[in-house]
Amino acid sequence: MVPKQLTPSRPAAAAVQDFASRLRGELIQPGDAAYDSARKVYNAMIDRRPALIARCADVADVMAGVNFARDSGLTLAVRGGGHNGPGLGVCDDGLVLDLSRMKGIRVDPAARTVRVEGGATWGSVDHATHAFGLATPSGFISSTGVGGLTLGGGIGYLARTFGLTIDNLIEVDMVLADGRFVTANAKQNPDLFWAVRGGGGNFGVVTSFLFKLHPISTVYGGPMIWPLEQAADLLKFWRDFIMAAPQDINGWFAYITVPPAPPFPAQFHMKKMCAVVWCYTGPMDQAEERFKAIRAFGPPAVDFAGPIPFPALQSLFDALYPAGLQWYWKADYFRELNDQAIGLHVKYGAQLPTMHSTMHIYPINGAAHKVGAGDTAFNFRDVNFAQVIVGVDPDPSQNARMIAWAKDYWLALHAYSAGGAYLNMAMDEGEDLVKASYGNNYARLAQIKSAYDPKNLFHMNQNIRPAQQA
Ligand SMILES: Cc1cc2nc3c(=O)[nH]c(=O)nc-3n(C[C@H](O)[C@H](O)[C@H](O)COP(=O)(O)OP(=O)(O)OC[C@H]3O[C@@H](n4cnc5c(N)ncnc54)[C@H](O)[C@@H]3O)c2cc1C
């Protein structure tokens, strides 16, 4: 394919043509019919114009892409599921390696493992593993990419039961900055394996992940929703409950505006309310009894909790949050949720600026605490709560209002935080936040970055600079 328009930041036509001829997948360029849809990511606030988008078909395409970007001095972005808030899966001017065609999945039911290619999304993984009555911990929405979510840590419904997604990662295959293909696991390249478990896309392109599976099929879960006036009491009840609960139950708190559509009862449409979304994985015949203690807090206005196939729970909110909305994220970690912090939640939760905007608090205690702060790159193993405030709306004219709300809310609560943030739910706050989030692990990460990517080819991420550049 010959480029339609050359800009100074683009390599010569002959070089591009040669690159295209090495690919099994397509190379998309400005002017091609597919260009505008191929450069779009999930967050419609992001509007970047890469020079080239390579839709990789296989590992050989990834190797060709990494070599081409490095040798041409092009900015390189790696796109997994394209869900990242600050749009780190796409760049201006450079080359995007789009892995969305690489979504092969192979379940080994005897070994209880699943091998997943680097461009798959969680819905496909859940679909494949559920057929065998198995699952691995991921997130709370099924359209998110396996790549970015895993490399950043992975906080989801099964975090209290089986840990973060990275705690269930056995091995990765990767293409490094020098174009080499390597496997990293506990025995092979253990430093790299340590770094990719939380260190994001800093170390190379992961072409496949191998995860541990667990016998999870139908769980007991779903949202329970209460009137906003009960928010302070609910937060206190939920905090005390989840801090002491056995590992087989998870529940995250949310401020929501009830969507104006079934299955939500009409009298609550567009009302601001508070909710907990549950996931219980223990014996099903004990579920009703276990939930009696929760319902005893006060009968929910809407109670959707009940037996549900795990993939259905995972995709419950997909339709509410289609691709193409405006998203602004602010994240923080908390060791405790004290009564003063709860008072601030009550104030700002009542001010949700748009129907899609929300605030979630995810518990990350239980099994996620069984791994030490230095055992993987994911540093904050002693915090109990990951908080995220998101301003979301289809209409860009709401951005200023919802960004102001998210920033004010975050700032008010930040005084009580543990520092750092879950970087998968951050925007582009920059190096200080990255350093704070990796804490004592940062120096080791920077050393490993020096060894594997000394020129920082992989910098479209929450960037860890190579030690010699830091
Ligand atoms: C609606 C929504 C819900 C979410 N829910 C959760 C949740 O429940 N739990 C949770 O933990 N997170 C959640 N997230 C955050 C999510 O983990 C991050 O947005 C993550 O970056 C998405 O990964 P992706 O592959 O889709 O993104 P992309 O934008 O494709 O990539 C994000 C980053 O990861 C890198 N990357 C992606 N794939 C690879 C790969 N194969 N090899 C190397 N680098 C790669 C990219 O280069 C980029 O730096 C959610 C996000 C959204 C938008």
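Whatever order the structure lists ligands and atoms in, that order sets their numbers, starting from 1.
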Per-atom filter on ligand 1: closer than 4.0 angstrom to a heavy atom of M425 are 6 (C), 7 (C), 9 (N), 10 (C), 12 (N), 13 (C), 14 (N)
* Centroid separation Y157 to W122 less than 6.0 Å -> no
min-distance protein heavy atom vs atom 37 (C) of ligand 1 -> G148 N, 3.3 Å
Closest heavy-atom approach to atom 39 (C) of ligand 1 among I166, L151, L88, V206 is made by L151
CA sep, side-chain torsions, deciding dist, call: E336, N384, side chain to side chain contact (heavy atoms under 4.5 Å, CB included):
CA-CA 7 Å; E336 58 163 16; N384 292 302; 5.7 Å; no
Nitrogen or oxygen of G80 less than 3.5 angstrom from that of ligand 1
yes
Heavy-atom proximity to atom 11 (O) of ligand 1 ranks first, among Y157, F458, F209, Y422, for Y422
M460 heavy atoms within 4.0 Å reach ligand 1 at atoms 47 (O), 48 (C), 49 (O)
Do the side chain of W410 and the main chain of A331 share a donor and acceptor less than 3.5 angstrom apart?
yes
Regarding ligand 1, does N84 bring an N or O atom to under 3.5 Å of one of the ligand's N or O atoms? yes
Inspect the surroundings of CZ in R401 and state if more than 12 heavy atoms from other residues, nucleotides or ligands are less than 6.0 Å away. yes
query: Does F317 have a heavy atom less than 4.0 Å from any atom of ligand 1?
result: no
Could you check whether any heavy atom of Y362 sits closer than 4.0 Å to an atom of ligand 1, since that is the contact criterion I want to use? no
Ligand 1 N/O within reach of V78 N/O, cut-off under 3.5 Å
yes
Q. Hey, does N461 come in under 3.5 Å of ligand 1, counting only N/O atoms on both sides?
A. no
Test your reading of the model: is there a side-chain donor-acceptor pair from R70 to the backbone of A177, 3.5 Å cut-off?
yes
Does at least one non-hydrogen atom of G152 fall below 4.0 angstrom from an atom of ligand 1? no
Is the gap between the ring centers of F264 and F304 under 6.0 Å? yes
Using a 3.5 Å cut-off on N or O atoms only, is G139 in polar contact with ligand 1? no
| request: Could you tell me if any non-hydrogen atom of W122 lies under 4.0 Å from any atom of ligand 1? | output: no
- Is the ring centre of Y362 less than 6.0 Å from the ring centre of Y422? no
| message | Strictly distance-based, threshold 3.5 Å: is any side-chain N or O of N250 a donor or acceptor partner for the main-chain N or O of G156? | response | yes
Looking at the rings of F385 and W238, which for Trp means the six-membered one, are their centres under 6.0 Å apart?
yes
Discussion item. So does G148 get a backbone contact from the side chain of N84, meaning a donor-acceptor N/O pair under 3.5 Å?
Written reply: no
Look at R101 together with D58 and state whether they make a salt bridge at an N to O cut-off of under 4.0 Å.
no
heavy-atom search around atom 43 (C) of ligand 1 in the protein gives G204 O, 3.3 Å
Discussion item. Please check whether I155 reaches ligand 1 - meaning an N/O of the residue sits under 3.5 Å from an N/O of the ligand, judged on distance alone.
Written reply: yes
closest protein heavy atom to atom 50 (C) of ligand 1 is W329 CH2, 3.9 Å
Check for a donor-acceptor pair, side chain of R444 on one end and backbone N or O of W194 on the other, with a separation under 3.5 Å.
no
Looking only at protein heavy atoms, what sits closest to atom 16 (C) of ligand 1 is T144 CG2, 3.8 Å
Margin query: Under 4.0 Å, counting heavy atoms only: does G82 come that close to any atom of ligand 1?
Written below: yes
Hey, is ligand 1 close enough to S138 that some N/O pair sits below 3.5 Å?
-> no
If you measure from each heavy atom of A77 to ligand 1, is any distance below 4.0 Å? no
Exercise. Taking distance alone, with no angle check, do G156 and ligand 1 share an N/O pair under 3.5 Å?
Worked result: no
Atom 2 (C) of ligand 1: closest protein heavy atom, distance to 0.1 Å, is H83 ND1, 3.7 Å
Subject >> Residue pair V277 / F317, side-chain heavy-atom distance below 4.5 Å >> reply: yes
_Flag, side chain of T165 to backbone of P137, donor-acceptor distance under 3.5 Å_ = yes
- Is Y321 in contact with ligand 1, taking contact as a heavy-atom separation below 4.0 Å? no
for atom 18 (C) of ligand 1, nearest protein heavy atom and its distance come out as N424 O, 3.5 Å
Between ligand 1 and F140, is the shortest N or O to N or O distance under 3.5 Å?
yes
_Audit row: N202, N463, side chain to side chain donor-acceptor pair (under 3.5 Å) steps and yes/no_ = CA-CA 7 Å; N202 273 286; N463 196 229; 3.0 Å; yes
